[in-house]
Trainee: 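Below is the structure I would like to discuss, written out as structure tokens.
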Amino acid sequence: MKTIKIVLAAIIISFSTMSFASTNEPSGEFSINKDRISEIVKSQISFPESIVSQNAMVAVSFTFNNDDEIVITNMNYSDEAFKNYVSSQLSRISIHNAHQYIGNEFNMQILFQSK
């Protein structure tokens, strides 16, 4: 009887551990690593030399819509022109299957430093 209780307890513990270890993140052939979203978005922004040669900062919070487009939820910036530039760049970016992260907010900071 004691052996049955021990085996039963072990099974219950293993199932509960598996349920806590699972994530709610989408899976599949085209899923995106949630931790890399900001990095992927940042890599798709092009910066002309005239902008890179100045000092400024833009911090962006964003999510995605059903069309896999970026929806900016908040922006902090040191210069209005840089804010407008980054905003226009983000509006052109679409990431395949990003709609799976609707409701998740991502943060990204872009620093422009003069050389």
Trainee: Do Leu90 and Val60 have side-chain heavy atoms sitting under 4.5 Å apart?
Mentor: yes

Trainee: Taking all non-hydrogen atoms of both residues, which atom of Tyr101 and which atom of Thr63 are closest, and how far apart?
Mentor: O-OG1, 3.8 Å

Trainee: Looking at Asn66, I'd like to know if its CG atom is crowded, meaning that more than 12 non-hydrogen atoms belonging to other residues, nucleotides or ligands lie closer than 6.0 Å.
Mentor: no

Trainee: With a 4.0 Å cut-off on N to O distance, would you call Glu39 and Arg36 a salt bridge?
Mentor: yes

Trainee: Under a 4.5 Å side-chain heavy-atom rule over Ile, Leu, Val, Met, Phe, Trp and Tyr, are Ile72 and Ile40 clustered together?
Mentor: yes

Trainee: Could you go step by step and tell me if Glu69 and Ile93 meet the side chain to side chain contact (heavy atoms under 4.5 Å, CB included) rule?
Mentor: CA-CA 6 Å; Glu69 299 167 335; Ile93 296 173; over 6 Å; no

Trainee: For the residue pair Asp68 and Ser94, confirm or rule out a side-chain donor-acceptor distance under 3.5 Å.
Mentor: no

Trainee: Roughly how far, to the nearest 0.5 Å, is CE of Met75 from CD1 of Ile110?
Mentor: 7.5 Å

Trainee: Would you confirm whether Asp79, through its side chain, and Ala81, through its main-chain N or O, come within 3.5 Å as a donor-acceptor pair?
Mentor: yes

Trainee: Under a 3.5 Å distance rule, please check whether Ser38 uses its side chain to pair with a backbone N or O of Phe106 as donor and acceptor.
Mentor: no

Trainee: Side chain of Thr73, backbone of Ser61: donor and acceptor closer than 3.5 Å?
Mentor: yes

Trainee: Apply side chain to side chain contact (heavy atoms under 4.5 Å, CB included) to the pair Val58 and Asn76, showing each step before the final yes or no.
Mentor: CA-CA 6 Å; Val58 177; Asn76 293 314; over 6 Å; no

Trainee: Take Phe62 and Glu105 through the test side chain to side chain contact (heavy atoms under 4.5 Å, CB included) and record every step on the way to the result.
Mentor: CA-CA 6 Å; Phe62 62 93; Glu105 188 167 271; over 6 Å; no

Trainee: Distance-only, no hydrogens or angles: does the Gln100 side chain make a donor-acceptor pair with backbone N or O of Asn97 under 3.5 Å?
Mentor: yes

Trainee: Under a 4.5 Å cut-off applied to non-hydrogen side-chain atoms, are Ile95 and Val41 in contact?
Mentor: yes

Trainee: Shortest non-hydrogen contact from Ala56 to Ser78?
Mentor: CA-OG, 3.3 Å

Trainee: Report yes or no: does Lys83 contribute a side-chain atom to a donor-acceptor pair with the main-chain N or O of Met57 at less than 3.5 Å?
Mentor: no

Trainee: Looking at Gln89 and Ser46, would you say the former's side chain and the latter's main chain have a donor-acceptor pair under 3.5 Å?
Mentor: yes

Trainee: Do His99 and Asp67 have side chains that get closer than 4.5 Å, going by heavy atoms?
Mentor: no

Trainee: Start with the C-alpha gap between Phe64 and Ile37, add the side-chain angles, then the distance that decides, and say whether side chain to side chain contact (heavy atoms under 4.5 Å, CB included) holds.
Mentor: CA-CA 11 Å; Phe64 294 94; Ile37 290 284; 3.7 Å; yes

Trainee: Identify the two heavy atoms, one from Ser91 and one from Ser88, that lie closest to each other, and give their separation to 0.1 Å.
Mentor: OG-O, 2.7 Å

